[in-house]
Amino acid sequence: MADASLLILPGDGIGPEVMAEVRRVIAWFGDKRGLKIDVSEDLVGGAAYDKHGVPLADETMAKAQEVDAVLLGAVGGPAYDNLDFSLKPERGLLRLRKEMDLYSNLRPAQCFDALADFSSLKRDVVAGLDIMIVRELTSGVYFGEPRGIFEEGNERVGINTQRYTESEIDRAARSAFELARRRNNKVCSMEKANVMESGVLWREVVQKVHDEDYPDVELSHMYADAGAMQLTRWPKQFDVIVTDNLFGDLLSDIAAMLTGSLGMLPSASLGAPMANGRPKAMYEPVHGSAPDIAGQGKANPIACILSFAMALRYSFDAGAEADRLEAAVETVLAQGLRTPDLLGEDGVSPVTTTEMGDGILAALDASL
Ligand code: IPM
Ligand code: MG
């Protein structure tokens, strides 16, 4: 019997080609490390729309609820730009997050030494950077009601609602404090308590959770705009940042770019523990579907491969194997393997998506 089950949803654009490399990595762990994962595959986003007329079929949603973890590639593309809002590829992703109740989105931003010169910031600002953004993922302005475009007098008004309950803030805060304890024991919470009531409540609840249950963790608060500024000024001051859904969307893109390439960063979205003790979980690269380079062998598979490493760590109790995979990625970067998103050094020619996969498999072999 398999130790664990994984549902793969490659999605659109470069999703399928980066996922093909992940499948080889999964097979390697099966063959060489005895890690038996029962892998199934299905459609999401535009690919699901093309087949079923919806961005996520109900059967796929049901399957996602049953497996130990979901690994998603990317969704979206220009072919779907004019679809009704409810049918857009992104709705498939948002439905998975919401119905699986994946409230805690972990977005690490780690600067690999070999890539420190790729950042738009100075090497010394980013070298050795290792921060974690915890983004609340199932509430806030992404889901708050009322929402919509309404008639008001002789014009239309577009409405979205920022809404947070105490329990939603509480559980996001706990997940950040727990993580901080396993890292450098520091949490910075970001909101706009100077302008928004939801921010006032956010700050209060985070402080209360801290004082009652995590007084050993160092906690600070920052307005999110100042936080964005500090992230680009001196990012190494942070360890864990906890923030709401929309600010987390923005701040995690900033943090990602500090590391040089969006093609490098994984993420984990975690919910409450299931009956088997594992958290409900979905893993996905932070990058999007990049339709402009899809199907050309130019995509960097590392973000998706590192997302699988996070699955090894958080869903499959295989932290040591996650370390092994992350070290293999570090090895190929140190060897100078570069997909086109990582070019810039003199005399380096790019490798293809598959060649990057080959390099990582060779580094894994060498690790035995
Ligand atoms: C992200 C993306 C998504 C979001 C989109 C694709 C719906 O930007 O995961 O950061 O806004 O959450
Ligand atoms: Mg985003």
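Values below: all heavy atoms of this structure, side chains included; hydrogens, waters and symmetry mates excluded. Numbering of ligands and ligand atoms starts at 1, following listing order.
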Item to complete: Begin with the C-alpha distance, continue with both residues' side-chain angles, and end with the deciding distance and a verdict on side-chain hydrogen bond (donor to acceptor under 3.5 Å, both in side chains) for D239 and N185.
Response: CA-CA 7 Å; D239 176 24; N185 219 33; over 6 Å; no
Practice prompt. Check step by step if side-chain contact (heavy atoms from CB on, under 4.5 Å) holds for L6 and V67.
Written response: CA-CA 6 Å; L6 179 71; V67 289; over 6 Å; no
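- Taking backbone and side-chain atoms together, D253 has no N/O/S atom less than 2.8 Å away from the Mg ion (ligand 2).
- Within 4.0 Å of ligand 1, contacts by protein heavy atoms are made from E90, R97, R107, R135, Y142, D249.
- Residue D84 places its CG atom among more than 12 non-hydrogen atoms of other residues, nucleotides or ligands, all under 6.0 Å distant.
- Between K36 and D31 there is no salt bridge, since none of the side-chain N atoms of the basic residue sits less than 4.0 Å from a carboxylate O of the acidic one.
- The Mg ion (ligand 2) lies closest to atom OD1 when only the N/O/S atoms of D249 are considered.
- Taking the six-membered ring where the residue is Trp, W202 and Y164 present perpendicular rings, their angle passing 60° and hence far from 30°.
- Using a cutoff of 4.0 Å between basic side-chain nitrogens and carboxylate oxygens, R313 and E326 are scored as salt-bridged.
- Defined by atom type and a distance below 3.5 Å, a donor-acceptor pair is present between the side-chain atoms of Y283 and S315.
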